Amino acid sequence: MASLVWTSVYLFLLGELALTAILVVPVPRRVRNAIAKRVFQFQLGERLSKPILFIGLALLFALMESYFRRSHIVEKISMLEESEDFHHGHISSHHHEKEKKYKAERNLYLSGFALTLIFVIGRITALMEENVELDHEAHPPPAAASSSKPSKPAASKGSTPAAAAAATTTGSSSSKNDGHEKEIEMVEPKKTTEKKND
């Protein structure tokens, strides 16, 4: 049963190493952000939070168990080396304890590395998500960019720039003619009043 558990930890560590290698592979920024955006749409972090928490607690327990087991075996080996049987040539139990110590240290490293990579993968994915959000803010899609620009007043149908310029010139000339006509009307009453006085 113990060998099955530690085999599972070993396979889990291999999967973590493969996932970490995929996450840190140097690829173009646009490709990475596009892939990350599609992956984050499935919300795997929220769905796998509880299983990952359970696996982390199990690895922490395995790490502590391996540490205390190794310390117990080291004390037992030191007691065997100081005993009289060891000096008389009965070293079979000593080799057996050495083998247990090696397995305990192996299990300690497996659980420690597996637990560490959980935090490493979590931090890498968090940084990738922040990068995707910042890239989306810096380079919004064309639809959002066009909607944010102020709308220009719509020109009348069938109008051309030349026609618009002609309309402005005719409007200005008509306003000038109206001004001249008003000045003539103001001068003519003055002349009539002067003739009457004469």
Side-chain angles (χ1 to χ4, degrees), residues 1-79 95-155:
M1 183 65 183
S3 61
L4 180 62
V5 171
W6 290 111
T7 303
S8 302
V9 173
Y10 174 70
L11 294 176
F12 181 72
L13 178 61
L14 290 180
E16 286 180 322
L17 290 172
L19 182 58
T20 306
I22 292 172
L23 291 174
V24 300
V25 167
V27 294
R29 180 177 56 84
R30 292 183 179 178
V31 177
R32 180 187 294 275
N33 290 340
I35 296 173
K37 190 182 296 183
R38 293 196 176 186
V39 172
F40 291 147
Q41 288 177 354
F42 295 103
Q43 297 180 352
L44 296 178
E46 296 179 359
R47 296 180 181 179
L48 299 178
S49 59
K50 292 182 178 179
I52 290 174
L53 179 61
F54 175 76
I55 292 171
L57 292 175
L59 289 173
L60 180 62
F61 177 76
L63 180 66
M64 295 174 62
E65 191 271 337
S66 300
Y67 175 77
F68 289 120
R69 183 176 177 82
R70 178 192 174 279
S71 60
H72 176 70
I73 292 171
V74 169
E75 291 177 359
K76 194 172 183 179
I77 289 173
S78 61
M79 290 175 63
H95 287 299
H96 186 64
E97 295 299 327
K98 283 277 189 180
E99 183 180 355
K100 287 183 178 180
K101 178 187 173 184
Y102 165 75
K103 290 181 179 180
E105 290 176 347
R106 178 201 62 187
N107 298 338
L108 180 68
Y109 289 127
L110 286 176
S111 57
F113 281 124
L115 184 62
T116 303
L117 281 179
I118 288 178
F119 294 102
V120 171
I121 293 171
R123 185 56 184 161
I124 291 174
T125 52
L127 290 174
M128 290 180 66
E129 188 172 2
E130 291 178 3
N131 190 17
V132 169
E133 292 177 357
L134 291 174
D135 185 73
H136 181 72
E137 293 178 359
H139 304 284
S146 61
S147 63
S148 62
K149 290 182 180 179
S151 59
K152 296 181 179 179

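Please read these numbers as outputs of a predicted model, since none were measured by experiment. Values reported hereafter were calculated over all heavy atoms of this structure, with side chains retained and with hydrogens, waters and symmetry mates removed.
Atom CD1 of residue I73 and atom CZ of residue F68 lie 14.0 Å apart, to the nearest 0.5 angstrom. Summarising the geometry, atom CG belonging to L117 is positioned 5.5 Å from atom CG belonging to L17; distances are rounded to the nearest 0.5 Å. Separation of atoms CD (E97) and NE2 (H72) is listed at 7.5 Å; rounding is to 0.5 Å. Taken to the nearest 0.5 Å, the CD1 atom of I121 stands 14.5 Å off from the CZ atom of R123. Here the CH2-CG distance, from W6 to L110, works out to 7.0 Å after rounding to the nearest 0.5 Å. Distance CG/L60 to CD1/I55: 13.5 Å, rounded to 0.5 Å.
Judged by distance alone, the side chain of R32 and the main-chain N or O of L23 form a donor-acceptor pair under 3.5 Å. Between the S49 side chain and the E46 main chain, a donor and an acceptor come within less than 3.5 Å of each other. Using modelled atom types, no side-chain atom of R69 and backbone atom of L108 make a donor-acceptor pair closer than 3.5 Å.
Screening E75, E105, E65 for a side-chain hydrogen bond (donor to acceptor under 3.5 Å, both in side chains) involving R70 leaves a single residue, E105.
More than 12 non-hydrogen atoms from other residues, nucleotides or ligands lie less than 6.0 angstrom from CZ of F40. Within a 6.0 Å radius of CZ in F12, other residues, nucleotides and ligands contribute more than 12 heavy atoms.
The heavy-atom pair separating A104 from S66 by the smallest distance is O-CB, 3.8 Å. For the residue pair L59 and L115, the shortest heavy atom distance occurs at CD1-N, 3.9 Å.
Salt-bridge annotation for E99 and K103: present, with a side-chain N of the basic residue lying under 4.0 Å from a carboxylate O of the acidic one.
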